[in-house]
There are 4 protein chains.
Amino acid sequence: MAPDQHKTRKPVQKRGIETRGKILDAAMRLFSKKGFHSTNTKEIAREAGVATGSFYAYFKDKKSVFLEIYKGISHKQLKDMAGGMAGVEGQDDTGRVEALLRALAGEHGFSPNFQREVSAMRYSDPDVEALHNSIHEGLGQEVALMLEKQKERLRVKDLDAAAFVILCACEEVIHTSRTISHRIDRDRVISNLADMIARFLYK
Amino acid sequence: MAPDQHKTRKPVQKRGIETRGKILDAAMRLFSKKGFHSTNTKEIAREAGVATGSFYAYFKDKKSVFLEIYKGISHKQLKDMAGGMAGVEGQDDTGRVEALLRALAGEHGFSPNFQREVSAMRYSDPDVEALHNSIHEGLGQEVALMLEKQKERLRVKDLDAAAFVILCACEEVIHTSRTISHRIDRDRVISNLADMIARFLYK
Amino acid sequence: MAPDQHKTRKPVQKRGIETRGKILDAAMRLFSKKGFHSTNTKEIAREAGVATGSFYAYFKDKKSVFLEIYKGISHKQLKDMAGGMAGVEGQDDTGRVEALLRALAGEHGFSPNFQREVSAMRYSDPDVEALHNSIHEGLGQEVALMLEKQKERLRVKDLDAAAFVILCACEEVIHTSRTISHRIDRDRVISNLADMIARFLYK
Amino acid sequence: MAPDQHKTRKPVQKRGIETRGKILDAAMRLFSKKGFHSTNTKEIAREAGVATGSFYAYFKDKKSVFLEIYKGISHKQLKDMAGGMAGVEGQDDTGRVEALLRALAGEHGFSPNFQREVSAMRYSDPDVEALHNSIHEGLGQEVALMLEKQKERLRVKDLDAAAFVILCACEEVIHTSRTISHRIDRDRVISNLADMIARFLYK
DNA sequence: AATGAATGAGCGTTCATTCAT
DNA sequence: TATGAATGAACGCTCATTCAT
């Protein structure tokens with residue numbers, strides 16, 4: 001009995017698996033539309049077309065659904081990222097960086113509204129923070145690995161730190177330029193970001 | 001009566017002004033220690049040494065206190081920033097950037113726990129988001145202004161976009177390196193960040 | 001802050017004291033009529049003519065009201081008992097025992113239905129059990145004290161143990177003969193009980 | 001179909017009888033360990049190694065299992081009592097009474113924790129109360145019968161009432177001295193009780 | 001102006017029981 | 001027959017806000 005499974009039901013029948021999925025989908029939709037705190041478990045159950053009790057049969061509480069959704073999204077995104085980076089080799093420096101940015105932007109493009117909630121909860125809930133940090137670290141290693149492959153073309157030496165800095169910069173730029181109603185348009189921001197990173201990385 | 005003043009009391013006497021201040025201080029302390037959602041108005045009143053009713057005599061609701069505290073902090077910090085940047089001129093490129101970073105890091109150094117709450121609410125509350133964005137824009141203009149002064153030494157042309165990108169990078173790096181229990185130490189991160197920005201900005 | 005006061009309001013105004021009393025009265029009525037488990041806090045509040053929140057302003061939870069009512073009743077009853085026993089002196093042996101029985105029967109006569117609930121909860125809740133035991137012990141000491149006063153007429157030597165045994169016998173007889181729809185009528189039971197105790201105690 | 005059989009399955013095959021027994025055993029274990037209200041039907045089914053639905057195939061509801069267990073225990077205990085009393089004859093008065101007490105104490109010795117639950121529910125549930133009363137009456141008749149056999153040695157005349165009073169006294173003493181953390185030790189209590197009953201009964 | 005008592009909608013959660021497979 | 005998924009009313013409790021004094 002894993003400690004994070006508590007007393008939740010582990011579906012063995014096909015119907016149970018479907019129900020669990022319906023709840024996850026519904027929660028994802030509502031968290032994205034209304035935010036975590038403004039969504040209650042009864043709503044999630046209704047949206048999923050199941051009874052309140054079924055929610056608690058499959059999940060310990062509201063937060064555990066949130067974390068599970070986040071985990072699921074992250075897995076998909078790490079794979080996407082890896083895929084996106086594969087195509088980076090064999091281009092010039094700027095192309096490489098832009099591809100990287102696209103891959104990273106894809107991360108949030110997946111489900112921007114849910115990511116927004118993650119950002120909120122990351123600062124107010126220790127569990128979400130821990131999960132976010134571990135995912136962030138995973139991304140950082142992915143980027144560091146990619147840098148490693150083109151080491152001889154780089155001017156930076158401390159690849160881990162460089163990866164971390166790049167990642168942070170991208171995250172915040174993408175987040176902020178998404179939410180802000182901006183007089184500075186997105187293209188100018190992205191091209192400056194790409195320029196900054198390229199100058200930083202390459203000889 | 002301005003619409004955002006609701007039915008709150010506007011203190012003109014010394015006693016009223018003090019009471020208002022005590023409430024703001026108490027709220028600031030509690031929001032920083034326990035977070036916005038885990039702090040209730042009764043607690044704030046008790047911590048301030050006033051009655052629950054008095055809280056609502058001076059403030060429309062819990063959120064309005066939060067916003068007001070945030071505004072107050074931002075004003076102080078914009079001034080600090082301006083002061084911090086004044087000393088930037090007359091050094092070499094790297095020194096300039098590091099001074100800038102120190103000035104920005106100072107922003108969060110002021111009241112890091114409250115900033116954490118701002119980060120959380122920024123993503124979950126439209127009003128906090130709006131305020132954050134306008135403050136961010138103010139900071140951006142400040143930075144853009146500083147860049148303007150040393151235009152001839154810069155390789156970047158689009159100063160507004162550059163300022164925005166720099167600002168975002170700094171914010172996230174500072175935030176994340178604060179919360180993460182890191183295998184990459186802070187100094188390496190900061191020096192990489194400074195290097196990145198300097199290469200980006202200067203010829 | 002006493003540990004059993006939790007975060008409850010301690011009424012300082014007259015209105016508050018009244019409200020607290022109304023809640024206690026309502027709870028007593030409902031516990032007696034429907035039992036502890038079949039009474040919920042909303043009902044108590046409604047019966048008391050106050051809001052749910054007020055209930056929780058004055059009491060930590062449902063059980064704490066129960067315990068407080070029980071405590072209050074016990075205090076009154078210990079006083080009644082003491083009074084009832086005062087008149088015991090100066091009669092013959094049988095008269096003394098019957099007076100004692102009347103005094104003890106009076107204990108449950110006060111609020112028999114509530115006592116019934118106490119009996120139920122005494123076996124299912126540790127806190128109620130502890131309170132019951134301490135009250136029982138108090139009663140035992142009272143009885144032992146009364147025996148002490150007429151020591152020379154008694155054949156029993158171990159007054160504490162004797163008091164305990166008498167008390168238990170009386171309690172259960174009174175309880176059971178109350179609830180049972182009996183073919184043995186109450187008078188026969190009481191007179192046998194009195195006979196038993198008198199033979200036991202006196203030379 | 002008897003009205004109290006509801007729609008429950010009446011097992012005739014060996015397998016069904018075993019399943020029914022497993023449920024009764026599991027329920028007995030859990031009621032004893034955690035109490036009736038803190039044990040839920042899912043737990044009982046799991047402990048018994050059957051599905052939730054099977055529980056309701058064999059029993060009308062949770063309470064009916066409780067009643068059935070209680071009935072079963074009582075039957076065994078009545079037999080034990082009868083056996084225990086058989087050896088009472090041919091001793092002196094005190095010996096007789098002590099044998100009786102041992103036989104009665106044996107009643108609770110069987111499954112003291114379950115008895116505790118019975119005591120709790122006896123006061124809060126009419127059905128349990130009725131069952132308890134009828135069992136109590138059975139015990140009373142048993143005791144009265146035993147008294148009948150030694151009538152010529154007794155000073156009491158109303159054997160039914162005497163049996164009732166004795167029984168009550170024993171029950172409560174045994175119960176209370178079990179739960180109370182006592183400054184009066186058990187031996188003193190028991191010997192006083194035996195003394196009281198012997199003086200009461202015998203010439 | 002100030003107090004603190006009162007409000008009550010709303011929340012997360014449980015579990016005895018039923019039902020589809 | 002046996003399974004275990006599904007149900008949903010009901011519960012205890014919180015707290016931002018209002019109101020009587």
Side-chain angles (χ1 to χ4, degrees), chain A residues 7 9-20 37-46 48-63, chain B residues 7 9 11 13 15-16 19 37-46 49-63, chain C residues 7 9-20 37-46 49-63, chain D residues 7 9 11 13 15-16 19 37-46 50-63:
Chain A
K7 271 164 52 185
R9 188 185 297 164
K10 189 165 192 135
V12 291
Q13 298 178 355
K14 192 180 147 213
R15 183 156 65 124
I17 293 168
E18 281 171 6
T19 300
R20 201 170 190 284
H37 290 295
S38 304
T39 301
N40 65 48
T41 52
K42 264 188 180 109
E43 261 181 300
I44 297 174
R46 196 184 335 119
V50 302
T52 323
S54 296
F55 180 96
Y56 286 94
Y58 291 106
F59 299 97
K60 192 177 134 289
D61 53 22
K62 201 169 60 152
K63 204 172 76 183
Chain B
K7 276 158 42 184
R9 195 179 297 158
Q13 295 179 350
R15 174 134 163 262
T19 300
H37 291 295
S38 302
T39 301
N40 63 49
T41 53
K42 218 179 192 158
E43 265 179 300
I44 297 174
R46 194 185 336 116
V50 302
T52 325
S54 299
F55 180 96
Y56 285 91
Y58 289 105
F59 297 97
K60 191 173 134 289
D61 55 22
K62 197 167 73 152
K63 204 172 72 184
Chain C
K7 269 163 54 183
R9 188 184 297 164
K10 188 166 191 131
V12 290
Q13 298 178 355
K14 194 182 145 212
R15 183 153 67 122
I17 293 168
E18 281 170 7
T19 300
R20 202 170 189 282
H37 291 296
S38 305
T39 301
N40 65 48
T41 52
K42 263 189 180 108
E43 262 180 302
I44 298 174
R46 197 186 332 117
V50 303
T52 323
S54 297
F55 180 95
Y56 287 94
Y58 290 106
F59 300 97
K60 193 177 133 292
D61 52 23
K62 201 170 58 151
K63 204 172 73 183
Chain D
K7 277 157 45 184
R9 195 181 296 159
Q13 295 179 351
R15 172 134 163 263
T19 300
H37 292 296
S38 304
T39 301
N40 64 49
T41 52
K42 217 178 195 160
E43 264 180 302
I44 297 174
R46 196 187 333 117
V50 303
T52 324
S54 298
F55 180 96
Y56 285 91
Y58 289 105
F59 298 96
K60 192 176 133 288
D61 54 23
K62 198 167 71 152
K63 204 172 70 184

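Worth knowing before you read on, the calculation uses all heavy atoms, side chains too, and leaves out hydrogens, waters and symmetry mates. Lettering follows sequence order; numbering is per chain, from 1.
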Subject >> Within 6.0 angstrom of Lys42(D) NZ, more than 12 heavy atoms from elsewhere >> reply: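 Counting neighbours around NZ of Lys42(D), 12 or fewer heavy atoms of other residues, nucleotides or ligands fall under 6.0 Å, so no.
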
**OP:** Drop me the distance from Phe55(A)'s CZ to Thr19(A)'s OG1, to the nearest 0.5 angstrom.
**Re:** 13.5 Å

**OP:** Rounded to the nearest 0.5 Å, what's the gap from CZ on Phe59(A) to OG on Ser54(A)? Could you check?
**Re:**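 So the CZ of Phe59(A) and the OG of Ser54(A) are separated by 11.0 Å.
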
Rounded interatomic separation in angstrom, taking [atom1] from [X] and [atom2] from [N]:
| X | N | atom1 | atom2 | answer |
| --- | --- | --- | --- | --- |
| Ile44(B) | dA16(F) | CD1 | P | 8 Å |
| His37(A) | dG12(E) | NE2 | P | 11 Å |
| Lys63(D) | dT17(E) | NZ | P | 10 Å |
| Glu43(A) | dG8(F) | CD | C1' | 17 Å |
| Asp61(D) | dT18(E) | CG | C1' | 14 Å |
| Phe55(A) | dG12(E) | CZ | P | 9 Å |
| Arg20(A) | dA6(F) | CZ | P | 12 Å |
| Lys10(A) | dA6(F) | NZ | C1' | 20 Å |

Subject >> Identified pairing partner of dT13(E), criterion: Watson-Crick or G-U wobble below 3.5 Å >> reply: dA10(F)

**OP:** State the pairing partner of dT3(F); accept Watson-Crick or G-U wobble contacts with both distances under 3.5 Å, and report none otherwise.
**Re:** dA20(E)

Side chain of [X] - closest among [options]:
| X | options | result |
| --- | --- | --- |
| Lys42(C) | dT3(F), dG12(F), dT17(F) | dG12(F) |
| Thr52(B) | dT7(E), dT17(E), dT17(F) | dT17(F) |
| Tyr58(A) | dA16(F), dA6(F), dA2(F) | dA6(F) |

Original post:
Looking only at heavy atoms, what is the nearest atom pair of Lys62(D) and Ile44(D), with distance?
Top reply: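 Scanning both residues, the minimum pair turns out to be CG-CD1, 4.5 Å.
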
Original post:
Does Thr41(A) have a side-chain nitrogen or oxygen under 4.0 Å from the phosphate oxygens OP1 or OP2 of dG12(E)?
Top reply: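 So the side-chain polar atoms of Thr41(A) do come within 4.0 Å of the phosphate oxygens OP1 or OP2 of dG12(E), strictly under.
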
**OP:** May I ask you to evaluate whether Tyr56(C) reaches the phosphate of dT14(F), defined as a side-chain N or O under 4.0 Å from OP1 or OP2?
**Re:** no

Subject >> Along DNA chain F (nearest heavy atom to each residue), the more 5'-positioned of Val50(D) and Asn40(C) >> reply: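 Going by which nucleotide is closer to the 5' end, it is Val50(D).
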
Original post:
Nearest nucleotide by nearest heavy atom, which residue falls closer to the 5' end of DNA chain F, Ser54(A) or Ser54(D)?
Top reply: Ser54(D)

**OP:** Check every strand shown and say whether Thr19(A) touches a base, only sugar-phosphate, or nothing at a heavy-atom separation below 4.0 Å.
**Re:** sugar-phosphate

**OP:** Using a 4.0 Å heavy-atom cut-off across all strands, classify Phe59(A) as base, sugar-phosphate, or nothing.
**Re:** nothing

**OP:** With DNA chain E as reference, determine whether Gly53(A) or Gly53(C) sits nearer its 5' end, using the nearest nucleotide of each.
**Re:** Gly53(C)

**OP:** Evaluate the side-chain contact (heavy atoms from CB on, under 4.5 Å) criterion for residues Asn40(C) and Glu43(C): first the C-alpha distance (whole Å), next the side-chain angles of each, then the deciding distance (0.1 Å), finally the verdict.
**Re:** CA-CA 5 Å; Asn40(C) 65 48; Glu43(C) 262 180 302; 3.5 Å; yes

